[in-house]
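Report on the following structure.
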Number of protein chains: 2
Amino acid sequence: MNSAAPRSGEGTIAKALEVLDLVAQLERPVRFSELLALSPHPKATLYRLVQTLTSLGMLRYDAERQTYAPGLRLVRLAHAAWRQSSLAPIARPFVDALSAQVGETVHLAQMDGGQVLYVDKRNAAEPLEMFSQAGKVGPGYCTGVGKAMLAFMAEDALDTALSQQAWFAHTDHTHTSRESLCAELAEIRSEGVAYDREEHEPGIICVAAPILSDAGRSIGALSVTTSTARKSLADLSQLAPHLQSTARDIAGAAANWQFPSQ
Amino acid sequence: MNSAAPRSGEGTIAKALEVLDLVAQLERPVRFSELLALSPHPKATLYRLVQTLTSLGMLRYDAERQTYAPGLRLVRLAHAAWRQSSLAPIARPFVDALSAQVGETVHLAQMDGGQVLYVDKRNAAEPLEMFSQAGKVGPGYCTGVGKAMLAFMAEDALDTALSQQAWFAHTDHTHTSRESLCAELAEIRSEGVAYDREEHEPGIICVAAPILSDAGRSIGALSVTTSTARKSLADLSQLAPHLQSTARDIAGAAANWQFPSQ
DNA sequence: AAACCGGTTTCACTATGTGGAACTTCCACA
DNA sequence: TGTGGAAGTTCCACATAGTGAAACCGGTTT
């Protein structure tokens with residue numbers, strides 16, 4: 001995943017962030033040597049980067065186990081980011097209302113680096129614990145929210161986003177090529193809603209509606225997720241109008257504020 | 001607040017983070033010139049830093065309003081940090097149980113840079129949502145959780161933490177000097193619990209218990225907060241044993257995992 | 001005791017980031 | 001329409017700050 005992204009050969013800061021990303025990606029405390037193996041930097045350089053990040057609180061070093069993990073300082077910074085750059089605070093009342101009405105899991109997501117970043121979530125009454133919480137990321141090409149957002153992105157942004165997809169076949173229904181996905185994106189554009197037909201996880205389906213800027217670009221997406229055991233795609237399509245109107249409400253509220261359109 | 005902290009004169013990465021902190025601290029989109037006024041760097045330098053951070057997704061630039069805000073990439077990183085470096089995931093079931101039993105707001109916090117970082121919260125009625133409350137920071141010297149943690153910190157860590165306090169008199173009851181606080185810390189050490197006697201906000205009181213490592217150092221704290229309108233300090237003290245046992249349970253669970261003691 | 005393997009330190013080298021100053025918009029006010 | 005000023009952007013000679021090969025350390029294994 002890192003070798004596939006020949007990031008801009010920028011400066012020290014970029015390198016530092018790559019390291020942070022790496023540590024975050026691994027999702028567990030890592031030893032120095034593991035990082036070394038995964039990073040393109042020579043030992044001494046990596047060592048210094050890690051030291052610096054640790055002393056700045058961006059990484060946390062567990063002396064006993066000799067491992068590094070992302071540091072709490074990030075949580076602090078993220079709080080500010082979440083409040084200012086995510087739709088969550090603005091969308092909150094609308095998401096609450098929708099969630100209460102449909103009684104299924106509701107997700108609010110935005111695009112970040114070609115991936116779907118969940119910025120808020122309301123669990124159904126009975127929380128079937130899938131992966132996902134605020135801050136969690138998911139793939140763009142095989143989730144409802146992902147496809148809804150991709151469908152309404154500007155030409156160039158879409159292009160770079162598509163180039164960042166993994167095209168991994170999570171299930172039999174997963175799109176595994178740009179072409180096959182693009183065909184569906186056209187449909188989504190005309191319909192105004194996207195469906196996840198068990199493309200990411202077997203047994204899990206969802207309807208998603210994009211949240212659009214005045215210019216018609218996606219600034220986020222909203223979805224209702226359920227399992228095939230409980231509802232069918234047809235059931236979900238009943239919810240589409242409701243979902244869309246909520247999405248419009250959120251867009252309206254966001255317009256008076258600030259919006260990072262894609 | 002920044003002038004008071006002549007951070008380690010470290011490298012570029014430190015500078016970049018200072019800028020991020022600055023933007024985050026201001027809690028609203030800021031113009032370049034505002035940052036310039038608040039930062040010690042010359043125009044060109046700051047400009048480059050901001051550009052780099054923006055291109056890396058750590059800052060978000062709103063072209064229309066010409067303002068900068070923390071970027072979503074932080075949220076993504078923070079998710080990993082929260083899961084790996086905070087007590088929240090481990091403590092969750094215990095916090096849930098406590099919250100259900102006492103029916104008041106419960107906070108789980110850790111120390112970060114001399115300040116209290118809330119990593120989880122259960123509201124009396126509402127359910128949790130991640131970064132809205134989790135990720136918030138508060139002062140160490142005048143909150144229940146802050147005092148509980150300070151009381152059980154290692155000598156040197158305590159020293160640096162104390163030097164980072166603002167000693168601002170939020171209310172009549174706020175400690176405004178190291179000496180006066182230290183006196184109370186000794187009491188807290190012997191009692192095992194800390195009280196916030198309207199030291200941070202008038203009308204708000206709480207009991208807090210430290211979460212201790214095997215070595216007896218604080219790795220976090222747990223509190224039950226309420227208002228003087230609903231309960232008295234005496235009422236809260238009834239909850240102390242309950243709170244402490246929950247704290248011990250969390251400590252036990254954390255021991256099998258990883259712990260960043262202070 | 002010798003080889004090995006993570007982790008840490010050294011140091012000469014130069015790529016990288018620095019910042020004073022000049023330039024370019026874009027307003028506000030005359 | 002012109003002029004002054006403030007905000008944002010670019011330039012470029014300079015040296016600081018980061019680089020990385022190699023040596024070093026202190027365990028553990030053979």
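All figures in this text were calculated on a predicted structure; none of them were measured in a lab.
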**Message:** Assess the residue pair B:S86 and A:L72 against the criterion (side chain to side chain contact (heavy atoms under 4.5 Å, CB included)); give the C-alpha distance rounded to whole Å, side-chain angles, the decisive distance to 0.1 Å, and a yes or no.
**Reply:** CA-CA 7 Å; B:S86 86; A:L72 284 182; 4.1 Å; yes

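- The partner of D:dC14 is C:dG17, judged by Watson-Crick or G-U wobble contacts that both fall below 3.5 Å.
- To the nearest angstrom, C1' of D:dG20 lies 12 Å from NE2 of A:H41.
- Ranking D:dT10, D:dA7, C:dG7 by closeness to the B:A44 side chain, first place goes to D:dT10.
- Distance, A:F32 CZ to C:dT8 P: 8 Å, rounded to whole Å.
- By the 30° and 60° cut-offs, the orientation of the rings of B:Y68 relative to B:Y61 is tilted.
- With respect to A:R73 and B:D112, no salt bridge is recorded, no charged nitrogen being found less than 4.0 Å from a carboxylate O.
- The nucleotide whose nearest atom lies closest to any side-chain atom of A:Y68 is, among C:dT8, D:dA7, D:dG20, C:dT8.
- Between B:Q165 and B:R178, the side chains place no donor N or O within less than 3.5 Å of an acceptor N or O (distance only, hydrogens not considered).
- Close to C:dG17, at under 4.0 Å from its OP1 or OP2, lies no side-chain N or O of B:T45.
- In this structure, A:K15 reaches the D:dT19 phosphate: one of its side-chain N or O atoms is under 4.0 Å from OP1 or OP2.
- At whole-Å resolution of the value, CG in A:L36 and P in D:dA21 are 11 Å apart.
- In this structure, A:R48 atom CZ and C:dT10 atom P are separated by 13 Å, rounded to whole Å.
- Atom P of nucleotide D:dC11 and atom CD of B:Q51 are separated by 12 Å, given to the nearest angstrom.
- Residue-to-nucleotide contacts include no donor-acceptor pair under 3.5 Å from the side chain of B:K43 to the base of C:dG19.
- B:R31 comes within 4.0 angstrom of sugar-phosphate atoms only, judged by non-hydrogen atoms across all strands, and of no base.
- Nucleotide D:dG8 holds its P atom 16 Å from the CZ atom of B:R65, rounded to whole Å.
- Nearest to the side-chain atoms of A:T12 among the listed nucleotides D:dT9, C:dT8, D:dT19 stands D:dT19.
- Going from atom CD of B:Q66 over to atom C1' of D:dA7 covers 8 Å, rounded to whole Å.
- Counting only N and O atoms by type, the side chains of A:T67 and A:R31 include no donor and acceptor under 3.5 Å apart.
- To the nearest angstrom, P of C:dC11 lies 16 Å from OH of A:Y47.
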